[in-house]
Amino acid sequence: MSAQPIPDVLAFPDAFVWGAATAAFQVEGSTTSDGREASIWDTFAARPGTVAGGHTGDPAADHYRRYAEDVVLMRSLGLTAYRFSLSWPRILPHGKPEPRGLAFYDRLVDRLLAAGIQPWATLYHWDLPQSLEDRGGWTARDTAYRFADYAGTVAARLGDRVASWSTLNEPWCAAMLGYGSGVHAPGRTSPEGAVAAAHHLLLGHGLAMDVLRQHTSAPCGITLNLYPVVADSPDDTDADAARRIDGLQNRLFLDPLLRGGYPVDLREDLARFGFDTVVRDQDEAVLGKPIDWLGVNYYRGYRVAGSARLGSTPAGREWPGAEQVHFVPDPAAPRTHSGWEVRPAGLTEALLQVHDGYPPVPLYVTENGAAYPDVFRDGEVSDDERIAFLDAHLRAAHDALTRGVDLRGYFYWSLLDNFEWAEGYAKRFGLVHVDYRTQRRTPKRSARWYAEVIARNALA
């Protein structure tokens, strides 16, 4: 009898971290419970026309009350880590510590540890207290110092148990979508405001890093959404378009964090928006505080041109200094329910951009996922498109490993269906289906598929 061939598998390193991620405002609900202050997202969502369907952050996935049930779900999937964010307005409403808010995260962290799951905490995932926005929000330099105070309050309470800390999640979105295009909270539309917010977010990161080091020995980092940018042609105007978009999306954050200063070309692009006035002497030294790891959130890549192309879309207000740039779609690319092109190779490219272009730093894929119009039928969600998405992107992550990238973990976005910002509840990213009427949780087929990958620590 001949031996049966052993199927090829793509194995991941033994210590590879397998996780899923959420954000406080997107899953917690209970927005008026236990002394919580309104956040900019509460205010924004209450404004007519800002969020699809008029949806708000209540009830979201009711995680504030159902966290114990959700930890059981995580354990059933074999997750080794859970990446969550902390709610600044729940912990420091109007600048004063709220014991009930802190106690919730105490309970969550302890429950995770009891289940053998590493707690990965993010200090800021876009839910600024409204009282700080009323004083200027991230366009005000003082907000960076208030963020450091908040970091100290949290780290003093949880620093002995959280496995890994992230200061910020996707500062590009918070600055450019919140203060530039206005499609995210707080809904402002000012290029000067967007540029100031970007710098003050990074300043807050640097100040918070110092505070975290005082309270914890756990690794500390930051999470960026990094997207590869390619020119539509070798033409000089297209190459310049790619330079500008890569600068705003990637290098605006990577260079000060990992090289100690903002790119010269980007400073020139942004000078007319007051960038050099906002950046003070010695600020870049604060921004460049050493980090223990960098999180890479990946959802898409960009092809750009310096002038209009057939079917192209002009850059919006979230791209200050790139007014002439057009985004060129790939008509052959599959798309998610969000309309984003599915391009797994871009994940490899994003990881290699950091690996090849910057000083060594451990990397984690801290978000990667897709929304699809899931249909709940006969007690099951058969989300084969999401399984294919996951498989392709995990193969891309493994490709980066084989090419020398120090990639140490992967977190799917998201654990649960949730409030998807300006899209409200219209887009479902979760591994677990949430019935928003009953709050019943049902793992999708993708959840079971992911659990099998984690159990093997490999792709079949």
**Request:** Could you pull out the closest heavy-atom pair between Val365 and Asn368, with the gap in Å?
**Result:** CG1-CB, 3.8 Å
**Message:** Pair Leu390, Tyr412 - check side-chain contact (heavy atoms from CB on, under 4.5 Å), show working.
**Reply:** CA-CA 8 Å; Leu390 251 170; Tyr412 179 78; 3.8 Å; yes
**Asked** Below 4.0 angstrom, N of the basic side chain to O of the carboxylate: do Arg445 and Asp383 qualify?
**Response** no
**Request:** Salt-bridge test for Arg259 and Asp255: reply yes if a basic N is under 4.0 Å from a carboxylate O, no otherwise.
**Result:** yes
**Shortest non-hydrogen contact from Asp276 toward Ala271** = OD2-CB, 4.2 Å
**Message:** Testing the 3.5 Å rule here: is there a donor-acceptor pair between the side chains of Gln282 and Arg280?
**Reply:** no
**Item:** Side chains of Thr223 and Tyr364 in contact at under 4.5 Å (non-hydrogen atoms)
**Value:** no
**Message:** Is the distance between the ring centroids of Tyr124 and Trp138 under 6.0 Å?
**Reply:** yes
**Prompt:** Has the side chain of Thr143 got a donor or acceptor atom that lies under 3.5 Å from a matching backbone atom of Gly137?
**Reply:** yes
**Request:** Answer yes if the side chains of Glu423 and Trp421 hold a donor-acceptor pair under 3.5 Å, and no otherwise.
**Result:** no
**Request:** Say whether Asp62 and Gln439, considering side chains only, have a donor N or O and an acceptor N or O under 3.5 Å apart.
**Result:** no
**Request:** May I ask you to check whether Glu28 and Ser87 show a side-chain donor-acceptor distance below 3.5 Å?
**Result:** no
**Prompt:** Arg83 versus Asn169: any side-chain heavy-atom pair under 4.5 Å?
**Reply:** yes
**Message:** For the CG atom of Leu294 and the CG atom of Asp406, what is their distance to the nearest 0.5 Å?
**Reply:** 11.5 Å
**Salt bridge Arg309-Asp238, side-chain N to carboxylate O under 4.0 Å** = yes
**Message:** Keeping Tyr179 on the side-chain end and Ala196 on the backbone end, is there a donor-acceptor pair under 3.5 Å?
**Reply:** no
**Request:** May I ask you to decide if the ring planes of Phe429 and Trp340 are parallel, tilted or perpendicular, using 30° and 60° as cut-offs?
**Result:** tilted
**Fill in**
For Ala396 and Thr348, the nearest pair of non-hydrogen atoms, with its separation, is O-OG1, 2.9 Å
**Request:** State plainly whether the residues Arg403 and Asp399 are in salt-bridge range, i.e. N to O under 4.0 Å.
**Result:** yes
**Prompt:** Are Glu323 and Arg317 within salt-bridge range, i.e. N to O under 4.0 Å?
**Reply:** no
**Complete:** Tightest non-hydrogen contact, residues Pro228 and Gly346, listed as CG-O, 3.5 Å
**Item:** Ion pair check, Glu420 and Arg428, cut-off under 4.0 Å
**Value:** no
**Message:** Looking at every heavy atom in both Tyr64 and Ser33, which two are closest together, and how far apart are they?
**Reply:** CE2-CB, 4.3 Å
**Message:** Check this for me: does any side-chain nitrogen of one of Arg300 and Glu341 sit under 4.0 Å from a carboxylate oxygen of the other?
**Reply:** no
**Message:** Parallel, tilted or perpendicular: which one describes the rings of Phe327 and Trp319, with boundaries at 30° and 60°?
**Reply:** tilted
**Message:** Strictly below 4.0 Å, N to O, side chains only: are Arg343 and Asp330 in salt-bridge contact?
**Reply:** no
**Message:** Ring centroids only, cut at 6.0 angstrom: are Phe376 and His433 within range, meaning strictly under it?
**Reply:** yes
**Item:** Side chain to side chain, Phe389 and His393, heavy atoms closer than 4.5 Å
**Value:** yes
**Prompt:** Can you check whether Pro443 reaches Leu73 side chain to side chain, under 4.5 Å on heavy atoms?
**Reply:** yes
**Request:** Could you tell me whether Arg267 and Glu284 have a side-chain N and a carboxylate O separated by less than 4.0 Å?
**Result:** yes
**Prompt:** Among side-chain atoms of Ser131 and Asp134, is any donor-acceptor pair under 3.5 angstrom?
**Reply:** no
**Message:** Please list all pairs meeting ring-ring contact (aromatic ring centres under 6.0 Å, His included) that have one or both residues in residues 225-262, counting only residues at least two apart or in different chains.
**Reply:** His199-Tyr262, Tyr227-Tyr302, Tyr262-Phe275
**Prompt:** Going by heavy atoms in the side chains, are Phe147 and Leu207 under 4.5 Å from each other?
**Reply:** no
**Message:** Would the distance check show the side chain of Thr80 and the main-chain N or O of Trp18 forming a donor-acceptor pair, the cut-off being under 3.5 Å?
**Reply:** yes
**Prompt:** Would you call Arg213-Asp210 a salt bridge at under 4.0 Å N-O?
**Reply:** no
**Prompt:** Under a 4.5 Å cut-off applied to non-hydrogen side-chain atoms, are Ser30 and Arg36 in contact?
**Reply:** no
**Carboxylate-amine/guanidinium contact Asp374 Arg386, below 4.0 Å** = yes
**Prompt:** Is the closest side-chain donor-acceptor distance between Thr56 and Asp58 under 3.5 Å?
**Reply:** no
**Asked** Any idea how Tyr82 and His63 line up, ring-wise: parallel (<30°), tilted (30 to 60°), or perpendicular (>60°)?
**Response** perpendicular
**Message:** Measuring only between side-chain heavy atoms, which start at C-beta, is His184 closer than 4.5 Å to Trp126?
**Reply:** yes
**Request:** Verify whether one side chain among Ser39 and Trp88 offers a donor that lies under 3.5 Å from an acceptor in the other.
**Result:** no
**Request:** Only one of Tyr105, Phe84, Phe104 passes ring pair (Phe, Tyr, Trp, His ring centres under 6.0 Å) with Tyr67; say which it is.
**Result:** Phe104
**Request:** Give the minimum heavy-atom separation between Asn418 and Tyr425, together with the two atoms involved.
**Result:** O-CD2, 3.7 Å
**Message:** Are His398 and Phe12, when compared by the centres of their aromatic rings, separated by less than 6.0 Å?
**Reply:** yes
**Asked** Heavy-atom distance under 4.5 Å between the side chains of Asp269 and Arg243, does that happen here?
**Response** yes
